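Because the structure is a prediction, the values reported are computed rather than measured.
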Amino acid sequence: EHRRELIARFGDRMTDAQRALFLRPRPIEMRSVGPLHWMNREPSPPCAMNWFRTIAPLPDDPALHRAVIAYASDYTLLGTSALPHGLSWFRGELTGASLDHAIWFHRPARADDWLLYATDSPWSGGGRGFNRGHIFDRAGNLVASVAQEGMIRKRARKPV
């Protein structure tokens, strides 16, 4: 399994709590394309790509597939605006909340088949981040477009 492979590779850099969070069962499987920014403290361009799908087959109900895609569209989007700052939710450095989130569906797609989620953040500052996303099916067809503004704050360190 992909997550277990990542634990083998990065587990020595994770706390027990991070490892448990990473390995807990989830309804959506995510696979990063390129470097894993959540373990890297170096600032990077505000762009990311992830493949996602449900872990189990879904019934042939287009409304259900749209609902699952809308749910999954919130998984990595806000984190894209944190990349230029070298900060990560996974390392406990941030707190945040979605302020608004919109999704436009362009064509039917199955949430139980791999979908590519390409995200970028053209602006972040003043405790906020603006993010965009494009979701493509395996044939490269644009399935949905997403926009979000979120509150992002560096979490204060707890006194030792």
Side-chain angles (χ1 to χ4, degrees), residues 1-11 13-14 17-40 44-85 87-122 124 129-152:
E1 181 179 339
H2 183 63
R3 289 187 294 162
R4 295 210 181 275
E5 293 167 8
L6 291 172
I7 287 291
R9 197 164 136 207
F10 295 104
R13 294 167 51 189
M14 294 181 193
Q18 287 172 325
R19 200 175 298 100
L21 176 65
F22 195 78
L23 290 174
R24 82 172 182 213
R26 298 176 192 272
I28 309 276
E29 180 179 2
M30 302 286 294
R31 298 214 178 187
S32 296
V33 175
L36 297 171
H37 58 79
W38 47 266
M39 290 300 288
N40 187 358
S44 61
C47 304
M49 289 196 294
N50 295 278
W51 288 97
F52 74 89
R53 69 175 177 186
T54 60
I55 61 167
L58 296 175
D60 292 332
D61 178 354
L64 177 62
H65 287 270
R66 285 190 306 271
V68 171
I69 291 168
Y71 174 78
S73 74
D74 197 40
Y75 264 38
T76 60
L77 192 56
L78 188 54
T80 308
S81 60
L83 294 174
H85 308 284
L87 300 170
S88 168
W89 269 274
F90 186 75
R91 293 189 308 265
E93 299 165 335
L94 292 169
T95 186
S98 178
L99 300 175
D100 56 32
H101 187 109
I103 187 166
W104 297 268
F105 289 96
H106 308 302
R107 65 174 17 107
R110 293 196 62 92
D112 54 2
D113 193 9
W114 287 110
L115 297 168
L116 180 65
Y117 195 18
T119 61
D120 75 325
S121 176
S124 63
F130 174 66
N131 309 277
R132 301 177 294 201
H134 296 93
I135 301 172
F136 301 91
D137 63 19
R138 287 198 291 167
N141 297 308
L142 181 62
V143 170
S145 299
V146 183
Q148 177 189 56
E149 184 178 36
M151 181 275 295
I152 53 171

Student: Counting C-beta onward and ignoring hydrogens, is there a side-chain heavy-atom pair between Asp113 and Asp137 closer than 4.5 Å?
Tutor: no
Student: Please report the C-alpha distance between Tyr75 and Asn50 in whole Å, then the side-chain angles of each, then the deciding distance to 0.1 Å, and finally whether the side chain to side chain contact (heavy atoms under 4.5 Å, CB included) criterion is met.
Tutor: CA-CA 10 Å; Tyr75 264 38; Asn50 295 278; over 6 Å; no
Student: Could you give the distance from OG (Ser124) to CZ (Phe130), rounded to the nearest 0.5 Å?
Tutor: 12.0 Å
Student: Determine whether Asp120 and Pro46 make a side-chain contact, defined as any pair of heavy atoms from C-beta on separated by less than 4.5 Å.
Tutor: no
Student: Out of curiosity, Leu87 CG to Leu94 CG, how far, rounded to the nearest 0.5 Å?
Tutor: 5.0 Å
Student: Does a side-chain heavy-atom distance below 4.5 Å link Arg110 with Thr54?
Tutor: no
Student: Got a donor-acceptor contact below 3.5 angstrom from the His134 side chain to the Leu116 backbone?
Tutor: no
Student: Nearest 0.5 angstrom please: Phe52 CZ to Leu115 CG, how far?
Tutor: 4.5 Å
Student: Can you tell me how far CG of Asp112 sits from CG of Leu64, rounded to the nearest 0.5 angstrom?
Tutor: 9.0 Å
Student: Between His101 (side chain) and Gln148 (backbone), is there a donor-acceptor pair under 3.5 Å?
Tutor: no
Student: Could you check whether any side-chain heavy atom of Thr119 comes within less than 4.5 Å of a side-chain heavy atom of Val146, counting everything from C-beta outward?
Tutor: no
Student: Quick one, His106 with Ile135, criterion side chain to side chain contact (heavy atoms under 4.5 Å, CB included). Give me CA distance, side-chain angles, the key distance, then yes/no.
Tutor: CA-CA 10 Å; His106 308 302; Ile135 301 172; over 6 Å; no
